[in-house]
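Reading through the structure tokens given below for one structure.
We use all heavy atoms of the structure for the numbers below, so side chains are in, but hydrogens, waters and symmetry mates are not.
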Amino acid sequence: MERRAFGNTDPKVSAIGLGCYGMSGVYGPSDDAEAIATIRLALERGINFLDTSASYGQGHNHRLIGEAIRGRRGDVVIHSKSGSPREGGPDAVRGGGDPRYLRKTCEDSLRNLGIETLDVFCMSRIDPNVSVEESVGGMAELIKEGKTRYISLSECSAASLKRGNAVHPLASLQMEYSLFSRDA
């Protein structure tokens, strides 16, 4: 499998990554044993980049990945998003930029994955109630504490990306792009 630099970071990631979203029942019933076997097969085939989120199955996805990579932590680059809580129903404003929320989510992710450090911790959405500078500043503290190696943003504008990067270097910008979503 071809390996590439992940933005301006040290780890080399496989040209093809494995998105783990669907392994936690999002698209219908899921099978934990099948999901774990899929992750392990991907690793055997040279795929080392796993994309996940604390919100996928409310930690279920992280527990699956933790089981699948047990004993192989050095072979995997884990990119985990924070999730975007919504208060007041599906049409409510998404939050998740408060540094306390980001810290708790990162720490919960580490515990659920059974690891000491995330490779990349990504804030899922820009919180309209918290400045991106404050959010990124909080995430930068997690790097200093060894809880994540790199930080990134998802689903944000170029202006927000620039403002966040002025606080601390960001490793990447993730935008949804798949067979189902071609908006990017």
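Transitive grouping of hydrophobic side chains (ILVMFWY, heavy atoms separated by less than 4.5 Å) brings Y56 and V26 into a common cluster. Both I143 and V132 are members of a single hydrophobic cluster when ILVMFWY side chains are connected at heavy-atom separations under 4.5 Å. Placement of L41 and V13 in two distinct hydrophobic clusters is found when ILVMFWY residues are connected by side-chain heavy-atom separations under 4.5 Å, directly or transitively. In the hydrophobic clustering of ILVMFWY residues, with side-chain heavy atoms under 4.5 Å counting as a link, L173 and M123 come out together. Residues L18 and L113 share a hydrophobic cluster, clusters being chains of Ile/Leu/Val/Met/Phe/Trp/Tyr side chains in contact below 4.5 Å.
For T105, the side-chain contact (heavy atoms from CB on, under 4.5 Å) partners are A54, S82, Y101, S109, F121, not counting sequence neighbours. A search for side-chain contact (heavy atoms from CB on, under 4.5 Å) contacts involving S14 returns M1, R3, I47, N48, F49, not counting sequence neighbours. In terms of the side chain to side chain donor-acceptor pair (under 3.5 Å) criterion, T9 has no residue partners (sequence neighbours excluded). A search for salt bridge (charged side-chain N to carboxylate O under 4.0 Å, His left out) contacts involving E145 returns R103, K147, not counting sequence neighbours. Evaluation of the side-chain contact (heavy atoms from CB on, under 4.5 Å) rule for A15 yields E2, R4 as partners, not counting sequence neighbours. Among residues two or more places apart in sequence or in another chain, the side-chain contact (heavy atoms from CB on, under 4.5 Å) test is passed with D75 by R72. By the side chain to side chain donor-acceptor pair (under 3.5 Å) test, T52 pairs with N61, sequence neighbours left out. Residues satisfying the salt bridge (charged side-chain N to carboxylate O under 4.0 Å, His left out) criterion with R111, sequence neighbours excluded, are D108.
Closest non-hydrogen pair, S135 versus L102, comes out as O-CD1, 3.8 Å. What you find for D127 and N129 is that their closest heavy atoms are OD1-N, 2.8 Å. Shortest non-hydrogen contact noted between S24 and L64 is OG-CD1, 4.3 Å. Taking both residues in full, the closest heavy atoms of L43 and V76 are given as CD2-CG2, 3.6 Å, listed atom of the first, atom of the second, then distance. Across all non-hydrogen atoms, the minimal contact from A140 to H168 is CB-CD2, 3.7 Å. Heavy atoms only, all atoms of each residue included: G164 and L170 are closest at C-CD1, 3.8 Å.
Note: I115 CD1 to I78 CD1 = 4.0 Å, rounded to the nearest 0.5 Å. Interatomic distance, D98 CG to K104 NZ, rounded to the nearest 0.5 Å: 12.5 Å. To the nearest 0.5 Å, atoms CD1 (I65) and CG (N112) are separated by 10.5 Å. Note that the CD atom of E107 and the OG1 atom of T148 stand 12.0 Å from one another [nearest 0.5 Å]. Atom CG of residue N165 and atom CG of residue N8 lie 8.0 Å apart, to the nearest 0.5 angstrom. Atom CG in L153 sits 6.0 Å away from atom CG in L161 (nearest 0.5 Å).
For residues 27-44, the side chain to side chain donor-acceptor pair (under 3.5 Å) pairs, not counting sequence neighbours, are D32-H60. Applying the salt bridge (Lys or Arg N to Asp or Glu O under 4.0 Å) test to residues at least two apart or on different chains, the pairs with a partner in residues 45-55 are D51-K81. Pairs passing the salt bridge (Lys or Arg N to Asp or Glu O under 4.0 Å) check and including a residue from residues 152-169, sequence neighbours excluded, read E133-R163. For residues 134-158, the set of pairs meeting the ring pair (Phe, Tyr, Trp, His ring centres under 6.0 Å) definition, not counting sequence neighbours, is empty.
A salt bridge links K144 with E141; the closest basic N to acidic carboxylate O contact falls under 4.0 Å.
Side-chain contact between V77 and F6 is absent, with no heavy-atom pair separated by less than 4.5 Å.
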- Item | Step-by-step side-chain contact (heavy atoms from CB on, under 4.5 Å) determination, L50 to I69 | CA-CA 10 Å; L50 302 180; I69 67 168; 4.2 Å; yes
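Side chain of S172 to main chain of Q174: no donor-acceptor pair is present (N/O by atom type, distance under 3.5 Å, no hydrogens or angles). In this structure a side-chain-to-backbone donor-acceptor pair under 3.5 Å is missing from S152 to A171.
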